[in-house]
Each structure stands twice: as structure tokens, then as C-alpha cells.
Amino acid sequence: MTVILEYEAAVRESWILVHDQGAVLTARFYENLFALDPALRALFTRFDEATRSRKLLAALDEMVLLLDAPDRLVSAIIPLGRRHGEYGVTDRDYHTGATAFLLAMHDVLGERFTVDADRGWREVYALVSEVMRRAGHGVTRVASSDT
Ligand code: HEM
């Protein structure tokens, strides 16, 4: 599989810059997500905030690490996409997630979130969410114990 990410270097640089503030980044991400679509809050019932944040950061770490190995990246994302299907995440939610994530990066990095980094993360999110969405299609939503 050939995937050319034009702004890979900018993505890696921005990830290094934001890394120390990972918890702030994820907090902003969820704030933005719930501000854009308050109904999404109801999907997040399984993990406490700290665990959820840690898991999201670990997944993003792995993705950035695998940007130059797209086959491995795709293999790593498929089970994650299936689980998101079980969580009830829809195509529309992935779209909302893109906005929430890009805004969060901008919130944390300010001017250090360059145009190239923004373009690069759009590319990465498009690739990752496409694979996750496809993997999640046809998966039955599994209600958590709280829902
Ligand atoms: C495309 C980027 C995304 C990545 C990399 C990502 C990553 C993760 C990870 C690593 C987890 C931890 C649990 C697991 O591994 O299954 C998780 C949980 C979850 N994610 Fe995502 N996610 C993404 C997008 C979204 C979007 C757009 C939504 C929709 C609102 C969403 C909703 C959820 C929910 C509901 C959970 C379960 C959390 C809970 O019940 O507390 N995710 N995500």
C-alpha cells in the first residue's frame, strides 16, 4: 500500500511540540467535541477521564510513530475502528472529531501550529478515520453498562 503523506515532517514536529501538554490537548479535544455536539457526551461511559486521555495519547503516539509504515498503521487502526463501531461512533461523529482535534492542536500550540502541521494532521486524520469508519461499519453497537 502506498500512502504519501505530504506533510509528515510537520506532523511529527507538531507532535513533539505538543507532547508535554498531552493531558491539556486531550482535555481540549473533549471540550471541543462536546461543545460541537453535546449529545456525544453520552457515548463516553466506559473509562474515567484520565484513562481515556492516556489511551487516546498512546494511540496517537503509535500513529505518529507508524506514519512511515502505512501497512502497519492500517493494521493497528482496524481493531480500534471496530471498537468505535461498538461504541456507536458514526461517520458524522468522525467529522466532528476532526474539527475538535484540529482546534485542540491550535488551542495548545497557538502560532506554533503551522499551516503545514494543520494540513498534515488533516491528511493523517482523513486516513485514520477512513480506515476506522470502514472497520466500524456493520459492527453492532454494544451498549456499555451505564447506558
Ligand atoms: C480518529 C481518531 C480517534 C482515535 C485515534 C481514537 C482513539 C480512541 C482510543 C485509543 C480509545 C480508548 C479505547 C479503545 O482503545 O477502544 C477511544 C475510546 C473512545 N472513543 Fe475514540 N478515537 C478517535 C475518534 C473518536 C471520535 C470521533 C469519537 C466520537 C465521538 C470517539 C469516541 C470514543 C468513545 C465513545 C470511546 C469510549 C470511551 C468511553 O466509553 O469512556 N473517538 N478512542
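Read the numbers this way: they start at 1 and go in the same order the structure lists the ligands and their atoms. Predicted, not measured: the structure shown is a model, and the values here were computed from it. We count residues from 1, following the sequence as given.
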Counting from 1, what ligand 1 atoms have a heavy atom of [X] closer than 4.0 Å?
X     : answer
Asp93 : 27 (C), 29 (C)
Val89 : 28 (C), 29 (C), 31 (C), 32 (C)
Arg83 : 14 (C), 15 (O), 16 (O)
Leu33 : 30 (C)
Ala59 : 10 (C)
Met63 : 5 (C)

Distance-only polar pair, side chains of His19 and Asp61, donor-acceptor under 3.5 Å: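 The criterion, which ignores hydrogens and geometry beyond distance, is satisfied for Asp61 and His19.
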Exercise: do His106 and Asp118 side chains pair donor with acceptor under 3.5 Å: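 No pair is found: no donor N or O on one side chain lies under 3.5 Å from an acceptor on the other.
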Starting from [atom], find the nearest protein heavy-atom neighbour and note its residue, name and distance.
atom                    : answer
atom 18 (C) of ligand 1 : Tyr87 CE1, 3.6 Å
atom 35 (C) of ligand 1 : Leu43 O, 3.5 Å
atom 31 (C) of ligand 1 : His84 CD2, 3.5 Å
atom 39 (C) of ligand 1 : Arg46 N, 3.3 Å
atom 10 (C) of ligand 1 : Lys55 O, 3.4 Å
atom 9 (C) of ligand 1  : Leu80 CD1, 3.8 Å
atom 32 (C) of ligand 1 : Phe44 CZ, 3.3 Å
atom 4 (C) of ligand 1  : Leu56 CD1, 3.9 Å

Contact with ligand 1 for Tyr125, non-hydrogen, under 4.0 angstrom: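 Tyr125 counts as a contact of ligand 1 under the 4.0 Å cut-off.
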Where Ser129 and Tyr94 come nearest, the two heavy atoms and their spacing: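 Answer, listing the atom of Ser129 first, then Tyr94: CB-CD2, 3.9 Å.
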Test of proximity, Tyr94 against ligand 1: N or O pairs below 3.5 Å: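 Between Tyr94 and ligand 1 (N or O atoms, distance only) the closest approach is not under 3.5 Å.
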Phe47-ligand 1 polar pair, N/O distance under 3.5 Å: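 Yes; at least one N/O pair falls below 3.5 Å.
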Verdict with reasoning, Asp48 to Thr51, per side chain to side chain donor-acceptor pair (under 3.5 Å): CA-CA 5 Å; Asp48 61 72; Thr51 307; 2.9 Å; yes
Short side-chain to backbone donor-acceptor contact, Ser53 and Glu49, under 3.5 Å: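 No; zero donor-acceptor contacts below 3.5 Å.
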Sidechain-backbone polar pair: Glu8 side chain, Gly120 backbone, donor-acceptor under 3.5 Å: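 Not a single qualifying donor-acceptor pair exists.
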Centroid-centroid under 6.0 Å between Phe34 and Phe44 rings: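 Ring centroids of Phe34 and Phe44 are less than 6.0 Å from each other.
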Residues, nucleotides or ligands: over 12 heavy atoms within 6.0 Å of Arg134 CZ: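 Atom CZ in Arg134 is not packed in, count stays at 12 or less.
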Residue Glu62 excluded, over 12 heavy atoms near CD under 6.0 Å: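 Check fails, neighbour count at 12 or below.
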same_hphob_cluster(Leu67, Tyr7) at 4.5 Å side-chain heavy-atom cutoff: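 Each belongs to a different hydrophobic cluster.
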side-chain contact (heavy atoms from CB on, under 4.5 Å) evaluation trace for Tyr87 with Leu43: CA-CA 7 Å; Tyr87 300 152; Leu43 297 185; 5.7 Å; no
